Undergrad: 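What follows is a structure written as structure tokens; I'll ask about it next.
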Amino acid sequence: MVTLFNSMGWIEVICGPMFSGKSEELIRRLRRSEIARRRVQVFKPALDNRYSADEIVSHGDIRMASEVIEQAGDILDRLDWRTEVVGIDEANFAGPELVEIAERLANSGKQVIVAGLDTDYMGRPFPPIPDLLALAESITKTLAICLRCGNPAKHTQRLVESDSLIVVGSDGLYEARCRRCFEPGLPRQRELDFVRARRAIPAETGA
Ligand code: ADP
Ligand code: ZN
């Protein structure tokens, strides 16, 4: 998207499954804003402290300093109103208030870049991303690579037993799957055995 410097705000959404490059793309855009000497603030929900409490970390280990929030409302408390670009990673964990807050920020002239999962482990739209998609000026859908067949993957396959909407983790707990290979919820037992066996092979051979 072309950057306008007349203080008009807008909302950009980057969404897709796990491993699809959402964090990488968010960091890339925020770094470009910093190069353009714009004031940037980055937030992520406390729930996602898998790799680092005060950084966004991509699966490819690209990092950027961020501030931890308990809920979306904290963004307003933490915001330096001179900030021009507001980034939010793992927005699907930020709660429903994020929709109103993103709108408020954009209306007050900020560029808001939101990254998050668009669907959950059952393949259902993951709030509040669907509402943000409807309200955004710009939408980018990122795809991963299906670990079963190599096709473009839009799903996050859960590999552990849980009915809970949120099970925080990545490698070993989830993998990217295409539409054809995705099994909503838990994969069948033989599927789990296959995944475990595949993971064991490199360890045994030392590859
Ligand atoms: P997201 O934020 O969408 O979870 P990240 O930006 O953290 O994604 O990580 C993307 C990186 O993950 C890729 O550049 C690649 O190095 C790595 N990766 C691991 N598994 C996959 C996969 N199945 N498909 C694509 N990239 C993968
Ligand atoms: Zn597939």
Side-chain angles (χ1 to χ4, degrees), residues 12-33 40 42-66 68-69 86-94 98 112-123 125-126 128-130 132-133 136 138-160 165-188 190-192 194-199 201-203 207:
E12 298 169 33
V13 179
I14 303 163
C15 67
M18 282 178 74
F19 308 104
S20 64
K22 300 183 300 298
S23 299
E24 281 176 1
E25 177 59 17
L26 175 66
I27 292 170
R28 188 186 75 85
R29 292 185 194 183
L30 294 171
R31 291 237 166 98
R32 286 170 63 94
S33 298
V40 172
V42 192
F43 300 95
K44 71 168 189 179
L47 204 58
D48 184 44
N49 59 0
R50 279 172 283 177
Y51 307 109
S52 170
D54 55 2
E55 286 175 314
I56 305 175
V57 183
S58 80
H59 292 104
D61 206 34
I62 298 167
R63 291 163 183 264
M64 187 167 193
S66 70
V68 176
I69 50 167
V86 181
I88 303 140
D89 201 12
E90 308 290 351
N92 49 290
F93 294 146
L98 182 61
V112 183
I113 314 178
V114 174
L117 293 171
D118 50 1
T119 56
D120 66 13
Y121 75 109
M122 296 293 290
F126 204 150
I129 303 297
L132 287 163
L133 289 173
S138 156
I139 299 165
T140 302
K141 186 130 173 170
T142 49
L143 297 173
I145 302 298
C146 175
L147 276 205
R148 281 203 58 193
C149 75
N151 274 313
K154 75 170 193 103
H155 283 296
T156 305
Q157 177 73 58
R158 184 174 283 179
L159 302 173
V160 290
L165 175 63
I166 298 173
V167 176
V168 176
S170 63
D171 288 337
L173 298 187
Y174 295 98
E175 71 179 27
R177 293 275 181 94
C178 73
R179 178 184 288 278
R180 207 175 44 189
C181 298
F182 176 60
E183 293 176 274
L186 247 193
R188 291 182 295 272
R190 66 176 175 76
E191 191 66 26
L192 287 172
F194 172 77
V195 168
R196 287 196 189 107
R198 191 179 55 196
R199 291 222 156 82
I201 291 164

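For reference, positions follow the sequence shown, starting with 1. Predicted model only: the values in this text are computed from it and were never measured. Whatever order the structure lists ligands and atoms in, that order sets their numbers, starting from 1.
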Undergrad: Run the numbers for me: atoms of ligand 1, each under 4.0 Å from some heavy atom of Pro17, listed by number.
TA: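 Counting atoms of ligand 1 from 1, those under 4.0 Å from Pro17 are 3 (O).
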Undergrad: Are Ala115 and ligand 1 in contact, using a heavy-atom cut-off of under 4.0 Å?
TA: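 It does not, in that no heavy atom of Ala115 comes within the 4.0 Å cut-off of ligand 1.
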Undergrad: Under 3.5 Å between any N/O of Val57 and any N/O of ligand 1: does that happen in this structure?
TA: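 N/O-N/O distance below 3.5 Å does not exist for this pair.
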Undergrad: Can you tell me if Gln157 uses its side chain to pair, donor with acceptor, with the backbone of Pro184 under 3.5 Å?
TA: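 Side chain of Gln157 to backbone of Pro184: no pair is present.
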Undergrad: Using a 3.5 Å distance criterion without hydrogens, assess whether the side chain of Lys44 forms a donor-acceptor pair with backbone atoms of Glu55.
TA: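 Side chain of Lys44 to backbone of Glu55, a donor-acceptor pair under 3.5 Å: yes, one is there.
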Undergrad: Which ligand 1 atoms does His59 reach within 4.0 Å, using its non-hydrogen atoms?
TA: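 Those atoms are 4 (O), 5 (P), 7 (O), 8 (O), 9 (O), 12 (O).
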Undergrad: What are the two closest non-hydrogen atoms of Cys15 and Leu133, and how far apart are they?
TA: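 Smallest interatomic distance, heavy atoms only, reads SG-CD2, 4.0 Å.
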Undergrad: Does the N or O separation between Leu147 and ligand 1 drop below 3.5 Å for any pair?
TA: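 No, Leu147 has no N/O under 3.5 Å of an N/O on ligand 1.
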Undergrad: Among Glu24, Glu175, Glu90, whose heavy atom sits nearest atom 16 (O) of ligand 1?
TA: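 The option holding the nearest heavy atom is Glu24.
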Undergrad: For ligand 1, which atoms have a heavy atom of Ser58 less than 4.0 angstrom away?
TA: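 Those of ligand 1 that fall under 4.0 Å from Ser58 are 5 (P), 6 (O), 7 (O).
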Undergrad: Distance to 0.1 Å, residue and atom name: give those for the protein heavy atom nearest to atom 27 (C) of ligand 1.
TA: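 Sorting protein heavy atoms by distance from atom 27 (C) of ligand 1 puts Phe19 O, 3.5 Å first.
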Undergrad: Are Gly16 and ligand 1 in contact, using a heavy-atom cut-off of under 4.0 Å?
TA: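 Checking ligand 1 against Gly16, which is what was asked, there is no heavy-atom contact under 4.0 Å.
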Undergrad: Check for a donor-acceptor pair, side chain of Thr156 on one end and backbone N or O of Met18 on the other, with a separation under 3.5 Å.
TA: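 Yes.
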Undergrad: To check you understand the geometry: which heavy-atom pair defines the closest contact between Ile113 and Ile14, and what is its length?
TA: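 That would be CG2-CD1, 3.9 Å.
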Undergrad: Could you list which atoms of ligand 1 come closer than 4.0 Å to a heavy atom of Met18?
TA: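 Those atoms are 4 (O).
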Undergrad: Heavy-atom distance to atom 24 (N) of ligand 1: which of Thr142, Ile56, Ile27, Ile145 wins?
TA: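 Of the listed residues, Ile145 has the closest heavy atom.
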Undergrad: Counting N and O atoms only, with roles assigned by atom type, does the side chain of Asp89 sit under 3.5 Å from a partner on the main chain of Ser23, one being a donor and the other an acceptor?
TA: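 Such a contact is absent between Asp89 side chain and Ser23 backbone.
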Undergrad: May I ask you to check whether Ala176 has an N/O atom sitting below 3.5 Å from an N/O atom of ligand 1?
TA: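 N/O-N/O distance below 3.5 Å does not exist for this pair.
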Undergrad: Could you list which atoms of ligand 1 come closer than 4.0 Å to a heavy atom of Ser20?
TA: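 The list of qualifying atoms is 1 (P), 3 (O), 8 (O).
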Undergrad: Test of geometry: compute the angle SG(Cys181)-the Zn ion (ligand 2)-SG(Cys146) and round it to 10°.
TA: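 The two atoms form an angle at the metal of about 110°.
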Undergrad: Looking only at heavy atoms, which two atoms of Ala144 and Ser20 are closest? And how far apart?
TA: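 Taking Ala144 first and Ser20 second, the nearest heavy atoms are N-CB, 3.6 Å.
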Undergrad: If you look at every heavy atom in Phe126 and Phe93, which pair is closest and at what distance?
TA: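 It is CZ-CE2, 4.4 Å.
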Undergrad: Under 4.0 Å between a Lys/Arg side-chain N and an Asp/Glu carboxylate O for Glu25 and Arg29?
TA: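 Result for this pair is yes, salt bridge flagged.
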Undergrad: Suppose I only count heavy atoms of Gly21 and a 4.0 Å limit; which atoms of ligand 1 are within that range?
TA: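 Selected atoms, number and element: 1 (P), 3 (O), 5 (P), 6 (O), 8 (O), 10 (C).
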Undergrad: Just need the protein heavy atom nearest to atom 3 (O) of ligand 1, so name the residue and atom and give the distance.
TA: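 Nearest protein contact, heavy atoms only, for atom 3 (O) of ligand 1 is Lys22 NZ, 2.8 Å.
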Undergrad: Using every non-hydrogen atom in the two residues, find where Ala91 and Pro128 come nearest and quote the distance to one decimal.
TA: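 Nearest heavy atoms, Ala91 then Pro128: O-CD, 3.6 Å.
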